[in-house]
Every structure is written in structure tokens, then in C-alpha cells.
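What follows is one structure encoded as C-alpha cells, with my remarks underneath.
Note on naming: letters A, B, ... go to the chains in the order of the sequence lines (proteins, then strands), and numbering restarts at 1 for each one.
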Protein chains: 2
Amino acid sequence: MRQPRDLNATSAAVLGLLHRIDSATAGELAREAEEQISPFWGITRSQIFRELPVLAQRGLVGSGRRGARGSVPYSLTPTGRQAFGEWLTGPPFPQQPRNELLLRVGFGRYINGEELTSLLDKHRAAHAERLAQYESALEQMRAQGLEPYRIVTCEYGVRYERMVLAWIDDLPSLLVPA
Amino acid sequence: MRQPRDLNATSAAVLGLLHRIDSATAGELAREAEEQISPFWGITRSQIFRELPVLAQRGLVGSGRRGARGSVPYSLTPTGRQAFGEWLTGPPFPQQPRNELLLRVGFGRYINGEELTSLLDKHRAAHAERLAQYESALEQMRAQGLEPYRIVTCEYGVRYERMVLAWIDDLPSLLVPA
DNA sequence: TGGTACATGTAACATGTTACATGATTAG
DNA sequence: CTAATCATGTAACATGTTACATGTACCA
């Protein structure tokens with residue numbers, strides 16, 4: 001019997017997904033998560049399967065009776081709704097930075113110019129591809145008149161990828177001390 | 001006896017830190033990590049303590065005899081140096097995105113305007129503070145003529161924080177559909 | 001010399017990832 | 001009807017975080 005520690009972001013995300021759905025099974029939530037929040041908060045199916053019973057224990061979600069294929073439907077309780085609201089408006093949680101590109105570039109002194117160029121090219125290509133995805137998604141979302149809160153996260157993605165690309169492109173000149 | 005699976009970024013970072021030091025204990029490496037790479041790749045002391053024996057098992061580092069306070073010094077082996085080089089020039093590893101600000105904003109429909117404003121204010125303040133830190137660090141590094149690879153990661157930080165601040169500032173207008 | 005602060009190292013826990021076992025659905 | 005495929009759920013593992021036990025140095 002676990003007690004009302006604070007929510008972590010992953011649990012909160014699950015509650016948030018349940019917000020717009022009356023009742024959903026783990027599998028359905030996993031699909032929702034993939035579609036709606038995977039670009040900025042990755043969650044695996046396994047996490048959702050593990051987390052839901054815990055949230056139920058804490059009274060944040062209620063579980064219904066097993067349905068097709070033994071899947072259990074969960075729904076948000078008033079307590080869960082409140083906990084989600086508190087998380088949403090709560091203080092920013094300082095998260096550990098994890099940027100593999102910077103980690104590598106920071107060790108740039110240990111490779112030669114060609115290797116560095118090749119490294120940057122590969123990362124540049126990955127970022128360029130993601131930028132293209134964000135841009136086309138953004139266009140689609142706007143055309144469909146999707147809700148603005150979804151659109152602005154996509155806009156963030158576009159700006160982020162552009163920033164990274166510009167930084168990569170500027171690196172040669174930034175690396176030669178004036 | 002564990003076999004030569006690929007390096008993950010955290011192990012690679014440890015090897016990278018050993019690159020410029022002949023031999024170091026876990027504690028010393030932790031201090032180095034904090035100073036050199038914590039802004040873009042957080043590692044805890046505990047991880048380093050746990051990882052070093054594993055790396056030794058795999059032959060990537062060698063361990064010396066226990067010194068003061070029972071601390072063990074480790075040094076990079078030729079194998080370790082090679083593994084690090086391969087990681088450094090290897091393919092970009094797709095990492096799970098984790099952006100709590102976007103996660104919250106994506107759920108923005110569930111809070112009212114005031115709460116959203118307050119939420120954004122708090123995050124804005126945190127980012128503004130980090131921007132200031134990056135800017136002053138950058139100035140210092142340039143003045144000291146620090147190695148360019150360190151400087152450009154700091155430059156990235158400045159650009160990143162500016163991008164986020166601009167996005168936050170643009171949100172009000174982005175959120176009202178034209 | 002007592003005790004406070006600090007450093008090393010460990011262990012317990014929380015979270016994230018991968019691989020698998022099982023049963024249902026569907027294509028041929 | 002049988003095979004392949006797919007979805008649910010579990011379990012093992014990898015990684016990251018927090019709290020603690022122990023010993024050492026420093027200082028009053």
C-alpha cells in the first residue's frame with residue numbers, strides 16, 4: 001500500500017491521457033501516448049502496464065472489470081483528476097540534461113577533422129529529417145484546425161530542430177578561435 | 001563476465017573523462033564529470049562507482065592498487081581507448097525525448113488562462129536563469145581561451161535557452177488561432 | 001580529544017528498456 | 001483449419017536516484 005508521494009511526469013502523462021477518455025485499457029493508452037505525446041515524452045507500453053495498477057492502488061484511477069482478451073479498463077477518479085491538476089500547475093521539476101550530440105562534440109579534441117565532419121554530418125541528417133517531419137505535421141495540424149496546445153508543441157519542435165541545424169552549420173566557424 | 005556489448009553514452013563519458021587523466025579514482029571522475037559535462041550529460045557519483053568495475057571487467061579500464069581511503073585508481077586501456085573512439089564516431093543513438101514543459105503545455109486545455117500564465121512564468125524564470133548562467137560562463141571561457149570544444153557546447157546552451165524563451169514569449173499569439 | 005564536516009563506497013529503490021509467453025484474430 | 005500476425009500482459013534486465021554506513025581529515 002503505497003502512499004500519495006508526488007506524481008512523476010510519466011504517471012502524470014498517463015492521467016492526462018485518461019482525462020479526455022472516459023475509460024481506457026493499457027493498450028489503448030499506449031496507442032494514445034504514442035500518437036499524442038511521444039514527440040516530447042516517450043513512454044513504453046510496459047511502463048503503462050506497470051504503472052496503472054500502482055495508480056489504482058493510490059486511488060488515482062479506478063479499474064473496471066476485465067473485458068475482451070482479459071484487458072482491464074481504467075478511468076480517472078476525482079482524486080486522480082486533482083493530483084493531475086496539481087502536477088500540471090506545480091513547480092518545474094529540474095530534469096537531468098541528456099544531449100548525446102553535445103557530449104560527443106565536447107570530446108571533439110579526441111578525433112581528427114574528418115571524423116568530426118562525418119560525425120556532424122550524420123547528426124545533421126537526423127535533425128534535418130526530424131525538422132521535415134515536424135514541418136509537415138505542423139502544416140497538417142493547422143489545416144485540420146487541431147487544438148492549439150498540440151500545435152504549439154509542434155512549433156517548438158520546428159524551432160528546436162532549426163536551432164540545432166544552425167548551430168551545427170556554424171560550428172566550423174565557431175571552432176576556429178577568432 | 002560480461003561481453004563487449006556496445007557502450008552506452010554514460011560509460012563512454014567515463015572513458016572520455018579518463019582520456020585526459022592518466023589515472024583517476026571514482027571520486028575524482030565524479031568531480032570531473034560535474035565540472036565538465038554535467039550541463040549536457042548528468043551522471044551521478046553512484047553511477048560512476050558502479051560502472052567502473054564493470055568497465056574493468058570488460059577490459060576497457062585497468063584498476064590499480066587501492067590508495068588513500070581505500071579508493072581505487074582506474075586508467076584507460078588501449079581497448080578502452082578504442083571502444084571510446086568507436087562510440088564517439090559511431091552512429092547517433094536515437095534518444096527518448098523528455099521535455100516536461102512541452103508535456104504540460106500539451107495538456108494546456110485542462111487548465112484555465114491564469115494557471116497557464118503562472119505555469120509559463122515559472123518555467124520562463126527557470127530558463128532565463130539558465131541563460132544567464134550560460135552567458136556568463138561563455139564569456140569567462142572565451143576570456144580564458146578555453147578549448148573550443150567546450151566553448152561551443154556552451155554556445156549551444158545559450159542558443160537553446162534563447163529559443164525556449166522566445167517560444168514561451170510567442171505562445172500567447174501562437175495559441176490564438178488566427 | 002571530541003565532534004563536525006567531508007569523502008568513499010554500498011545498497012535499496014525508482015524508472016526505463018527489451019525480450020518473451022500467451023491467447024485472439026485473420027489471411028490463405 | 002492452419003499459419004502467420006497481432007495484442008495483451010509479464011518478467012528480466014539496464015540505467016538512474018536516493019539514502020545510508022563507514023572511515024578520514026580538520027578544527028575547536
Between side-chain atoms of residues 88-97 of chain B and protein atoms elsewhere (two or more places apart, or another chain), which donor-acceptor pairs fall under 3.5 Å?
residue: T89(B); atom: OG1; partner: G85(B); partner atom: O; Å: 3.0
residue: Q95(B); atom: OE1; partner: E100(A); partner atom: N; Å: 3.1
residue: Q95(B); atom: NE2; partner: R98(A); partner atom: O; Å: 2.7

Extract all donor-acceptor atom pairs below 3.5 Å that involve side chains of residues 128-140 of chain A and protein atoms in other chains or at least two apart in sequence.
residue: R130(A); atom: NE; partner: E161(A); partner atom: OE2; Å: 3.1
residue: R130(A); atom: NH2; partner: E161(A); partner atom: OE2; Å: 3.2
residue: E135(A); atom: OE2; partner: R162(A); partner atom: NH2; Å: 2.8
residue: S136(A); atom: OG; partner: Q133(A); partner atom: O; Å: 3.4

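For Q82(B), the side chain to side chain donor-acceptor pair (under 3.5 Å) partners at least two apart in sequence or on another chain are E86(B). The side chain to side chain donor-acceptor pair (under 3.5 Å) search around T77(B) returns none, not counting sequence neighbours. With sequence neighbours excluded, no residue satisfies side chain to side chain donor-acceptor pair (under 3.5 Å) with T25(B). Evaluation of the salt bridge (Lys or Arg N to Asp or Glu O under 4.0 Å) rule for E155(A) yields R142(A), R159(A) as partners, not counting sequence neighbours. Taking the salt bridge (Lys or Arg N to Asp or Glu O under 4.0 Å) definition, one finds that R31(A) meets it with nothing, sequence neighbours left out.
For the contact set between residues 36-50 of chain B and DNA chain D, defined by any heavy atom under 4.0 Å, the members are T44(B), S46(B), Q47(B), R50(B). A heavy atom closer than 4.0 Å to some atom of DNA chain D occurs in no member of residues 83-106 of chain B. In the region residues 12-24 of chain A, proximity to DNA chain C at under 4.0 angstrom, judged on heavy atoms, holds for none of the residues.
Looking at T10(B) and W41(B), their side chains do bring a donor and an acceptor atom within 3.5 Å of each other.
Two residues, A26(B) and T10(A), neighbour DNA chain C, and the one matched to the more 5' nucleotide by heavy-atom proximity is A26(B).
OP1 or OP2 of dT15(D) sits under 4.0 Å from a side-chain N or O of N8(B). When the side-chain nitrogen and oxygen atoms of R66(A) are compared with OP1 and OP2 of dG23(C), none of them lie within a distance under 4.0 Å.
Atom CG of L52(A) is separated from atom C1' of dG9(D) by 12 Å (rounded to the nearest Å). In this structure, D6(B) atom CG and dT15(D) atom P are separated by 11 Å, rounded to whole Å. Rounded to whole Å, the distance from CZ on R58(A) to P on dA14(C) is 11 Å.
Remark: dA21(D) base-pairs with dT8(C); criterion is Watson-Crick or G-U wobble with both hydrogen-bond distances under 3.5 Å. Using the Watson-Crick or G-U wobble rule with both distances under 3.5 Å, dT26(C) pairs with nothing in any strand shown.
Among residue pairs with one or both ends in residues 105-123 of chain B, those qualifying as side-chain hydrogen bond (donor to acceptor under 3.5 Å, both in side chains) are E147(A)-R109(B); sequence neighbours excluded. Contacts classified as salt bridge (charged side-chain N to carboxylate O under 4.0 Å, His left out) and involving residues 36-46 of chain A (residues at least two apart or in different chains) are not found.
Aromatic ring orientation, H19(A) versus F84(A): tilted (interplanar angle from 30° to 60°).
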